[in-house]
Chemist: 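My structure is below; once you've seen it, I'll send some questions.
Here the structure is a predicted model, which means the values were calculated and not measured.
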Amino acid sequence: MKLLAKLAVVGVLAIVALAVGLHLWLDSAIERAVEELAPKMTRSTVTLTDVDTSLIFGTAQVEGLAVGNPAGFNAPNAVVVRKARVRVDWKSLRGDTLVIDEIMVDGPEITFEGLLGKNNLNALKENVEAYAGTAQAKPAEPSPSKAGERKVIVRDFRLTNAQVNLWVGGTKTATVPLPDVHLTNLGQQSGGASAKEIAASITAAVYSAIIRAVGSAGALAEKGAQALGEAGKQLSESTGKAASEALGGLKGMLGGK
């Protein structure tokens, strides 16, 4: 009986050690995947502070995710996510289609730099779509995945409590709130889509919400015109007239008066 008891204790300790090891391996694997795959999709720097997985509840919590700006823009980052949670249907891990029950992104800080037609977020969106091979990705339903690729279904995606920082002329000019973005059953109708297509669909939906928020607030035109006006005042008198005309044209593009 004593021997059986000792063997039972050893067995329990071995299971705990295996669970802890798998837990740590999953954390590092997710972190490596994000930092290696994401930069290829966005063509910018992507860093991640921490990943905490729970095998029991099938969740992974991501902290300190920062997506850098593409080349040609001044703001330090395009997106900073303090915390995000992913919940997976673990039963789906054994099948051909991975089912993600929930993706929750809470309180991200997004930087919009440039104009409505040409800006950092549009550049990121185009990079992701080009990587995914879906130049006209639609948020409602990604196209079926290619043969041999692991299919993915996202049952619920929610981005909430976000704010958008507006940058014009290399300077932060305003901050506007972003309404929640809620998508459901991505890839469901086609029986699953590729991870690239899911990412492109989410990116397109979030970008569309940002454009609506910036446009309806009118902050870009107003603050942009003010920033350009201040820049014009600082120019020397010898070049001030020509520069002011150029700045006035840019104000007109932004909707300023």
Side-chain angles (χ1 to χ4, degrees), residues 34 38-39 41-49 62-86 103-129 137-140 154 156-184 186 198-231 250-251 253-257:
V34 169
M41 298 180 69
T42 62
R43 297 180 191 174
S44 67
T45 60
V46 179
T47 57
L48 186 60
T49 302
V62 174
E63 296 184 2
L65 175 64
V67 180
N69 255 330
F73 296 93
N74 298 313
N77 292 300
V79 181
V80 175
V81 178
R82 301 281 185 308
K83 285 187 178 182
R85 182 178 70 251
V86 178
I103 300 176
M104 168 65 79
V105 182
D106 190 7
E109 187 171 340
I110 302 167
T111 296
F112 182 99
E113 181 179 353
L115 307 177
L116 291 177
K118 183 179 180 180
N119 55 75
N120 62 327
L121 299 181
N122 188 51
L124 285 176
K125 181 178 75 72
E126 290 179 347
N127 290 343
V128 173
E129 290 175 352
K138 298 180 181 180
V154 176
D156 193 271
F157 169 86
R158 190 181 299 272
L159 183 146
T160 187
N161 299 321
Q163 65 177 21
V164 181
N165 297 320
L166 305 180
W167 276 57
V168 178
T171 305
K172 179 181 175 180
T173 59
T175 298
V176 297
L178 180 67
D180 290 358
V181 177
H182 187 204
L183 305 173
T184 59
L186 291 170
I198 294 289
S201 295
I202 292 175
T203 301
V206 173
Y207 179 74
S208 178
I210 292 170
I211 292 299
R212 290 195 301 270
V214 172
S216 62
L220 182 61
E222 179 182 353
K223 296 295 183 179
Q226 290 177 1
L228 291 170
E230 290 299 321
L250 287 175
K251 286 184 184 180
M253 293 172 61
L254 290 171
K257 296 180 180 181

Chemist: Please answer whether the main-chain N or O of L124 pairs with a side-chain N or O of T42 as donor and acceptor at a distance below 3.5 Å.
Modeler: no
Chemist: For A199, is there any backbone N or O sitting under 3.5 Å from a side-chain donor or acceptor partner on T203?
Modeler: yes
Chemist: Please examine the side chains of L183 and S201, heavy atoms only from C-beta on, and report whether any two atoms are closer than 4.5 Å.
Modeler: no
Chemist: Roughly how far, to the nearest 0.5 Å, is the CE atom of M104 from the CZ atom of R158?
Modeler: 5.5 Å
Chemist: Give the C-alpha distance, both sets of side-chain angles, the deciding distance and a yes or no for side-chain contact (heavy atoms from CB on, under 4.5 Å) between L159 and D180.
Modeler: CA-CA 6 Å; L159 183 146; D180 290 358; over 6 Å; no
Chemist: Between S44 and P70 (side chain of the first, backbone of the second, donor and acceptor by atom type, cut-off under 3.5 Å), is there such a pair?
Modeler: no
Chemist: Give the C-alpha distance, both sets of side-chain angles, the deciding distance and a yes or no for side-chain contact (heavy atoms from CB on, under 4.5 Å) between E109 and N165.
Modeler: CA-CA 7 Å; E109 187 171 340; N165 297 320; 2.7 Å; yes
Chemist: Could you verify whether a donor N or O on one side chain and an acceptor N or O on the other, from D106 and T160, lie under 3.5 Å apart?
Modeler: no
Chemist: Does any N or O in the side chain of N77 come within less than 3.5 Å of the main-chain N or O of V80, such that one atom is a donor and the other an acceptor?
Modeler: no
Chemist: A side-chain contact here means heavy atoms from C-beta on lying under 4.5 Å apart; do V105 and F157 qualify?
Modeler: yes
Chemist: Heavy atoms only: give me the nearest N69-A75 pair and the separation to one decimal.
Modeler: ND2-O, 2.9 Å
Chemist: Once rounded to the nearest 0.5 Å, what's the spacing between atom CZ of R43 and atom CD of E126?
Modeler: 9.5 Å
Chemist: Determine the minimum heavy-atom distance between F112 and I210, stating which atoms define it.
Modeler: CD1-CG2, 3.9 Å
Chemist: Find out whether L178 and I110 are in side-chain contact, i.e. whether some heavy atom of one side chain is under 4.5 Å from a heavy atom of the other.
Modeler: yes
Chemist: Look up atom CD1 in I211 and atom NZ in K125, then write down how far apart they are to the nearest 0.5 Å.
Modeler: 9.0 Å
Chemist: Can you measure from OG1 (T47) to CG (L65) and round to the nearest 0.5 angstrom?
Modeler: 7.0 Å
Chemist: Find out whether V62 and L48 are in side-chain contact, i.e. whether some heavy atom of one side chain is under 4.5 Å from a heavy atom of the other.
Modeler: yes
Chemist: Just how far is it from atom OG1 of T49 to atom CD of E63, taken to the nearest 0.5 Å?
Modeler: 8.0 Å
Chemist: Taking all heavy atoms of N119 and all of Y207, pick out the closest pair and write down the distance.
Modeler: ND2-OH, 3.3 Å
Chemist: Check for a donor-acceptor pair, side chain of E113 on one end and backbone N or O of N74 on the other, with a separation under 3.5 Å.
Modeler: yes
Chemist: Side chains of T175 and L166: closer than 4.5 Å at any heavy-atom pair?
Modeler: no
Chemist: Do any N or O atoms from the side chain of N122 and from the backbone of K118 form a donor-acceptor pair under 3.5 angstrom?
Modeler: no
Chemist: Going through the checks in order, is the side-chain contact (heavy atoms from CB on, under 4.5 Å) test met by D156 and H182?
Modeler: CA-CA 7 Å; D156 193 271; H182 187 204; 2.7 Å; yes
